[in-house]
Amino acid sequence: MKRPSIWMGILVGGLLTAPLIVVLYLANRWLGLPFLPFDLFDWLTRILPGPVVTFGIDFMIDAMLALRLNVADAAKTAEQISAILQFLAIGAVTGGIFFTLFNWRKLNPDAFTGLVVGALFGLPLITISLSINQSGVEPFFQAIWLGFLLLAWGMALVWSYRRLSVPTAVLTGGESGGEVREVATVDRRQFLIRLGAASATITVVGGGLAAFLTSREQQADEAVLDASMAHQSEGTPGRIFPNANDPVVPAPGTRPEYTPVKDHYKVFLRTEPTVIPEEGYVLPITGLVANPAMLTLDDLHNNYESFDQYVTLSCISGRIGTSLISTTQWTGVSLQDILDDVQPTSEARYLTITSGDGFHESIPLDLIASDRRLMLCHSWDGNKLPVDHGFPLRVWIPDRFGMKQPKWITGMELLAEYEPGYWVERNWDEVAEVKTTSVIDTVAVDAVYDQGGQQLVPIGGIAWAGARGISQVEVRFDGGDWTEAQLRSPLSETTWVIWRYDWAFTPGEHTVEVRCAEGDGTPQIETRADARPSGATGIHSVTTSL
């Protein structure tokens with residue numbers, strides 16, 4: 001008996017895991033059942049050491065930049081693909097391990113062995129999934145569904161091993177017309193081709209149906225966001241912007257000054273957004289307070305004065321020229337008003353916030369007391385927070401990167417001692433103050449125009465320094481002198497500034513650079529530094545031909 005090798009086990013494990021992934025995903029999209037690849041990936045990112053997680057983030061962003069992909073658009077998709085490939089690899093390696101074990105022990109596994117294999121493979125995955133997934137299906141039925149699929153996977157693996165190792169008896173006709181019994185081994189190649197074809201069929205058909213369901217759901221969500229926009233960024237009817245009459249017109253190709261909510265960048269811990277039901281939601285505020293509170297969303301809307309703030313938010317992991325930055329209008333209540341009601345005791349020093357996705361962060365009470373703008377936000381762009389961006393509540397802290405600003409908030413506690421936040425524990429900067437940055441969005445070669453006999457090309461982009469404002473933007477060409485650009489009035493003191501420069505160019509290839517200064521004249525840091533741990537610095541440049 002010639003037994004299959006470890007490599008054949010890896011191949012079979014992969015061929016059986018691919019359709020398993022598709023069936024799991026289809027059930028997730030259709031019935032809301034858990035999707036194991038995402039659950040496992042989310043669990044691993046929580047337990048792995050910080051340097052490992054940040055290495056993965058850096059590698060993923062560098063790969064997208066090398067492929068010239070928009071990080072804001074592709075990051076979450078890349079993460080989800082990584083989760084699926086990780087699960088596929090685990091299934092393949094598991095197949096190789098069991099084939100090796102069967103060979104080592106010279107076993108001839110049967111159906112019961114298949115159940116044991118499925119249990120050994122599945123029980124840890126089911127335990128992880130039940131501890132971390134957010135399916136609305138009862139846990140009992142989740143366990144039954146996952147157990148059925150994983151036991152079936154184990155039995156299919158054992159069946160494949162037997163087909164690849166046990167000789168098969170066949171009948172062939174002899175020369176005299178009688179029957180001659182011969183023994184032939186299984187045609188392994190033919191079996192693997194059939195197994196691969198079956199795996200591919202299930203994967204393609206199931207994947208196509210799941211993709212259709214996902215696309216339809218995404219289109220419906222985007223349609224709702226489009227229809228509910230209070231502001232419009234392209235001049236269509238909507239709320240009037242405070243700088244609507246500013247004479248500086250953005251250069252063609254500059255990103256929208258106000259980001260449609262559906263296009264706002266998304267960064268969160270899990271592979272999918274955390275879902276917190278609106279019905280029955282209560283925010284507990286406990287700890288070192290004289291008046292502990294249990295606030296509903298109605299309490300926040302009706303019992304506190306809300307205020308609006310145009311806000312630019314950026315991710316600390318973005319590189320120079322990042323697309324992980326967006327601007328919209330936030331609405332909420334001042335954390336000062338919340339604390340006035342709960343009355344922190346004299347020992348209280350920090351407000352620790354926990355989130356439904358496992359995130360947590362601490363805010364010094366001194367910082368809250370110094371700036372009324374620190375907000376417990378319940379709405380974006382005149383509507384309740386989208387699920388993707390932190391519904392029901394998130395926090396905004398001026399002048400800080402997004403890593404310091406929890407969303408999907410489930411609790412607040414006032415403490416005497418500092419507790420490092422989720423990303424601080426993973427070796428990112430404790431303060432995470434935004435770094436002043438300027439970006440070239442466009443060299444509008446298709447919008448060249450003539451003025452006084454000179455050919456001019458519009459160049460434009462953004463500059464941002466958190467709540468510190470922008471006083472100047474300068475550009476230079478091919479290492480020459482710096483020349484000041486025009487600035488459009490910002491939407492608020494906490495948003496980016498749109499800049500424009502009309503360049504009298506000469507034909508050829510040119511390198512364009514940009515730099516800026518904060519409101520008080522402090523220059524942008526020109527020395528290049530990586531994003532980790534405190535945010536990227538350096539000069540953004542583009543090379544273009546005219």
Side-chain angles (χ1 to χ4, degrees), residues 65 68 70-72 243 246-257 259 265 312-316 318-327 401 433-449 455-491 493-506 508-531 535-546:
L65 292 174
R68 299 185 180 278
N70 183 297
V71 176
N243 63 349
D246 192 281
V248 177
V249 177
T254 303
R255 72 189 72 193
E257 184 173 30
T259 311
Y265 85 90
T312 294
L313 188 69
S314 181
C315 179
I316 195 171
R319 307 299 195 265
I320 294 299
T322 181
S323 57
L324 295 174
I325 183 170
S326 302
T327 296
F401 282 113
E433 183 179 67
V434 300
K435 294 291 190 291
T436 302
T437 188
S438 50
V439 181
I440 301 166
D441 284 339
T442 180
V443 179
V445 295
D446 294 331
V448 174
Y449 67 97
Q455 294 289 102
L456 303 178
V457 59
I459 304 172
I462 61 161
W464 185 53
R468 306 186 298 277
I470 296 292
S471 61
Q472 185 181 58
V473 172
E474 296 176 304
V475 292
R476 72 174 176 181
F477 307 92
D478 304 319
D481 295 332
W482 290 100
T483 306
E484 191 166 351
Q486 295 176 286
L487 302 184
R488 180 174 168 84
S489 299
L491 294 172
E493 78 282 3
T494 55
T495 68
W496 56 31
V497 170
I498 300 292
W499 61 266
R500 173 174 178 149
Y501 184 83
D502 294 277
W503 176 36
F505 67 93
T506 56
E509 185 174 271
H510 300 277
T511 298
V512 187
E513 297 172 285
V514 64
R515 70 180 185 184
C516 66
E518 298 175 13
D520 65 359
T522 302
Q524 172 184 344
I525 299 172
E526 299 186 21
T527 304
R528 184 166 289 272
D530 292 336
T537 60
I539 296 293
H540 187 229
S541 65
V542 299
T543 299
T544 186
S545 295
L546 296 104

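Positions are given from 1, in the same order as the sequence printed here.
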Nearest 0.5 Å, please: how far is CG in N243 from CD1 in I498?
9.0 Å

Ignoring hydrogens, what is the shortest heavy-atom contact between P458 and Y449? Give both atom names and the distance.
CG-CE2, 4.2 Å

Please report the C-alpha distance between T312 and T327 in whole Å, then the side-chain angles of each, then the deciding distance to 0.1 Å, and finally whether the side chain to side chain donor-acceptor pair (under 3.5 Å) criterion is met.
CA-CA 4 Å; T312 294; T327 296; 2.5 Å; yes

Could you work out, with salt bridge (charged side-chain N to carboxylate O under 4.0 Å, His left out) as the rule, every residue matching E509, not counting sequence neighbours?
none

If you compare all heavy atoms of A536 against all heavy atoms of K435, which two are closest, and at what distance to 0.1 Å?
O-CB, 3.8 Å

Minimum heavy-atom distance F505-V457, with the two atoms named
CD2-CG1, 3.7 Å

Can you check side-chain contact (heavy atoms from CB on, under 4.5 Å) on V475 and W499, steps first, answer last?
CA-CA 10 Å; V475 292; W499 61 266; 3.7 Å; yes

Between F401 and S314, is any pair of side-chain heavy atoms under 4.5 Å apart?
yes

Answer yes or no: does atom CG of D481 have more than 12 heavy-atom neighbours from other residues, nucleotides or ligands under 6.0 Å?
no

Compare every heavy atom of C516 with every heavy atom of T436, then report the nearest pair and how far apart it is.
CG2-SG, 3.4 Å

Closest non-hydrogen atom pair, G461 against D441
CA-OD2, 3.6 Å

I'd like a table of donor-acceptor pairs (distance under 3.5 Å, sequence neighbours excluded) in which one partner is a side-chain atom from residues 539-546, with atom names and distances.
from	atom 1	to	atom 2	distance (Å)
H540	ND1	I440	N	2.9
T543	OG1	T511	OG1	3.3

Looking at I525, I'd like to know if its CD1 atom is crowded, meaning that more than 12 non-hydrogen atoms belonging to other residues, nucleotides or ligands lie closer than 6.0 Å.
no

Nearest 0.5 angstrom please: E518 CD to Q524 CD, how far?
9.5 Å

For H510, the ring pair (Phe, Tyr, Trp, His ring centres under 6.0 Å) test, sequence neighbours excluded, returns W503

Salt bridge (charged side-chain N to carboxylate O under 4.0 Å, His left out) involving E493 - partner list, sequence neighbours excluded
R373

Contacts of type side chain to side chain donor-acceptor pair (under 3.5 Å), residue T254, not counting sequence neighbours
none

Shortest non-hydrogen contact from P252 to R500?
CD-NH1, 4.4 Å

Short question: side chain of R488, backbone of V248 - any donor-acceptor pair under 3.5 Å?
yes

Using only atom types and a distance under 3.5 Å, with no angle test, would you say the side chain of T442 pairs donor to acceptor with the backbone of G460?
no

Working note: Q472 + W482, criterion side-chain contact (heavy atoms from CB on, under 4.5 Å); need CA distance, chi angles, decisive distance, verdict.
CA-CA 11 Å; Q472 185 181 58; W482 290 100; over 6 Å; no

Interatomic distance, OH@Y265 vs CD1@I325, rounded to 0.5 Å, equals 8.0 Å

Spacing of CD1 belonging to I462 relative to OG belonging to S438, to within rounding of 0.5 Å
8.5 Å

Quick one: OG1 on T483 to CD on E474, what's the gap to the nearest 0.5 Å?
8.0 Å

For atom CG of N70, is the number of surrounding heavy atoms from other residues, nucleotides or ligands below 6.0 Å larger than 12?
yes

How far apart are the C-alpha atoms of E433 and R468, what are their side-chain angles, what is the distance that settles it, and do they pass the side-chain contact (heavy atoms from CB on, under 4.5 Å) test?
CA-CA 11 Å; E433 183 179 67; R468 306 186 298 277; 3.6 Å; yes

Start with the C-alpha distance between T322 and V71, add both sets of side-chain angles, then the distance that settles side-chain contact (heavy atoms from CB on, under 4.5 Å), and finish with yes or no.
CA-CA 8 Å; T322 181; V71 176; 5.8 Å; no

So CD of E513 and CG of D478: to nearest 0.5 Å the spacing works out to 9.0 Å

Got a sec, which residues hit ring pair (Phe, Tyr, Trp, His ring centres under 6.0 Å) with Y501, two or more places apart in sequence or on another chain?
F477

